[in-house]
Amino acid sequence: MDLQERYNQYWKTWHESERTFYKLLRPTQEEIMQKTLKSQLEEANLIKEVGNSFFKQQDYPKATDFYLKAIEKAPENQYLFYFKEDHSKFKLAIMTNLSMCFLKNKQFNLAVLQCKEGLKQFPLNVKLRYIMGNALGEAGEYEDAL
């Protein structure tokens with residue numbers, strides 16, 4: 001084998017190995033989906049934080065809007081297999097924040113409905129029970145509040 005043939009063979013082998021290497025580096029569909037879900041959840045958390053800032057400013061209607069946008073950004077059905085625990089924490093925070101906004105806006109029925117929905121998924125959550133008790137008490141349903 002002369003020098004030119006060896007040189008050509010070397011580069012052919014090198015290109016084959018490079019092609020194989022980059023094929024292995026390409027992310028799988030599952031990895032792409034996980035990355036997308038993770039970024040959606042991060043964006044939803046950022047939207048929730050904007051809602052939190054409006055809540056601190058006592059602008060409850062705007063806070064409610066941002067909490068609802070955050071839920072729309074990361075719907076639960078997408079997180080059944082990946083990041084389920086992270087989404088569960090996110091959802092609990094949104095549910096308690098929304099119910100608190102309704103309570104502060106004196107929309108007691110909505111606060112109670114939101115708490116009941118939250119307690120279906122998080123039955124032992126003390127914060128939701130507390131908010132529901134307050135909302136029921138404010139609505140004049142004292143026995144249910146107790």
Side-chain angles (χ1 to χ4, degrees), residues 7-146:
Y7 179 78
N8 290 341
Q9 183 64 34
Y10 169 78
W11 282 110
K12 183 180 175 188
T13 306
W14 189 82
H15 285 298
E16 286 294 320
S17 67
E18 183 179 55
R19 204 176 359 252
T20 303
F21 177 74
Y22 285 114
K23 267 187 188 176
L24 292 174
L25 283 182
R26 188 176 323 142
T28 64
Q29 284 297 109
E30 187 175 335
E31 290 171 331
I32 292 170
M33 186 177 66
Q34 285 181 10
K35 186 175 181 181
T36 303
L37 289 174
K38 186 73 169 174
S39 67
Q40 281 179 341
L41 194 56
E42 288 170 358
E43 287 178 39
N45 272 312
L46 290 175
I47 295 169
K48 179 187 72 126
E49 292 303 320
V50 173
N52 289 348
S53 67
F54 281 115
F55 187 88
K56 288 175 187 171
Q57 297 169 14
Q58 297 179 355
D59 190 349
Y60 305 116
K62 279 189 181 177
T64 301
D65 289 341
F66 277 95
Y67 294 143
L68 292 173
K69 286 178 188 176
I71 280 289
E72 290 171 3
K73 187 69 178 172
E76 184 176 19
N77 61 349
Q78 293 180 350
Y79 294 89
L80 296 176
F81 302 108
Y82 305 108
F83 311 113
K84 189 173 183 172
E85 187 176 323
D86 292 339
H87 188 271
S88 183
K89 289 177 186 176
F90 163 77
K91 188 172 182 180
L92 177 60
I94 290 289
M95 288 182 146
T96 55
N97 293 353
L98 272 174
S99 57
M100 202 60 190
C101 283
F102 293 141
L103 182 66
K104 295 287 187 176
N105 274 332
K106 300 188 185 316
Q107 296 172 310
F108 306 121
N109 291 336
L110 289 175
V112 169
L113 286 174
Q114 184 65 43
C115 288
K116 284 182 179 178
E117 194 62 36
L119 288 170
K120 285 180 188 175
Q121 295 178 27
F122 308 100
L124 300 177
N125 188 275
V126 175
K127 193 172 183 181
L128 283 171
R129 290 178 181 276
Y130 175 77
I131 296 168
M132 189 163 87
N134 280 334
L136 287 168
E138 292 291 333
E141 300 177 32
Y142 302 115
E143 287 190 25
D144 289 338
L146 288 174

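The side-chain heavy atoms of E42 and K38, taken from C-beta on, include a pair separated by under 4.5 Å.
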Derivation and outcome, side-chain contact (heavy atoms from CB on, under 4.5 Å), residues I131 and K127: CA-CA 6 Å; I131 296 168; K127 193 172 183 181; 4.2 Å; yes
Evaluate the side-chain contact (heavy atoms from CB on, under 4.5 Å) criterion for residues N125 and T96: first the C-alpha distance (whole Å), next the side-chain angles of each, then the deciding distance (0.1 Å), finally the verdict. CA-CA 10 Å; N125 188 275; T96 55; 4.2 Å; yes
side-chain contact (heavy atoms from CB on, under 4.5 Å) for L128 and L92? Distances and angles first, verdict last. CA-CA 9 Å; L128 283 171; L92 177 60; 4.0 Å; yes
Would you sort out whether M100 and K104 count as a side-chain contact (heavy atoms from CB on, under 4.5 Å), showing the intermediate values? CA-CA 6 Å; M100 202 60 190; K104 295 287 187 176; 3.8 Å; yes
Are K35 and E31 close enough, and set up right, to give a salt bridge (Lys or Arg N to Asp or Glu O under 4.0 Å), and what steps lead you there? CA-CA 6 Å; K35 186 175 181 181; E31 290 171 331; over 6 Å; no
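Not one N or O on the side chain of S88 forms a donor-acceptor pair closer than 3.5 Å with the backbone of K84. Of the possible polar contacts, none joining the R129 side chain to the C115 backbone as a donor-acceptor pair under 3.5 Å is found. Of the possible donor and acceptor atoms, one in the side chain of H87 sits under 3.5 Å from a partner among the backbone N and O of A74.
L110 CG to C101 SG: the interatomic distance, rounded to the nearest 0.5 Å, is 11.5 Å. Interatomic distance, CG of N45 versus CD1 of I94, reported as 7.5 Å (0.5 Å rounding). Atom CD of Q107 sits about 7.0 Å away from atom OG1 of T64, to the nearest 0.5 Å. Y67 OH to K48 NZ: the interatomic distance, rounded to the nearest 0.5 Å, is 7.5 Å. Here the CD atom belonging to E138 is positioned 7.0 Å from the CG atom belonging to N134, to the nearest 0.5 angstrom. Separation of atoms CG (L136) and CG (N109) is listed at 9.0 Å; rounding is to 0.5 Å.
In terms of heavy atoms, S99 sits closest to A111 at O-CB, 3.7 Å. What you find for F90 and A44 is that their closest heavy atoms are CZ-CB, 3.6 Å. In plain terms, the two heavy atoms of K73 and Q40 that are nearest each other are CG-O, 3.9 Å. Listed here is the closest heavy atom pair of E30 and Y82: OE2-OH, 3.0 Å.
Heavy atoms from other residues, nucleotides or ligands lying under 6.0 Å from CD of Q57 number more than 12.
Aromatic ring centroids of F102 and F108 lie 6.0 Å or more apart.
Aromatic ring orientation, F55 versus Y60: perpendicular (interplanar angle above 60°, classes split at 30° and 60°).
Salt bridge absent: K69 and E72 never bring a charged side-chain N and a carboxylate O closer than 4.0 Å.
Shown here are the ring pair (Phe, Tyr, Trp, His ring centres under 6.0 Å) partners of F122, two or more places apart in sequence or in another chain: there are none.
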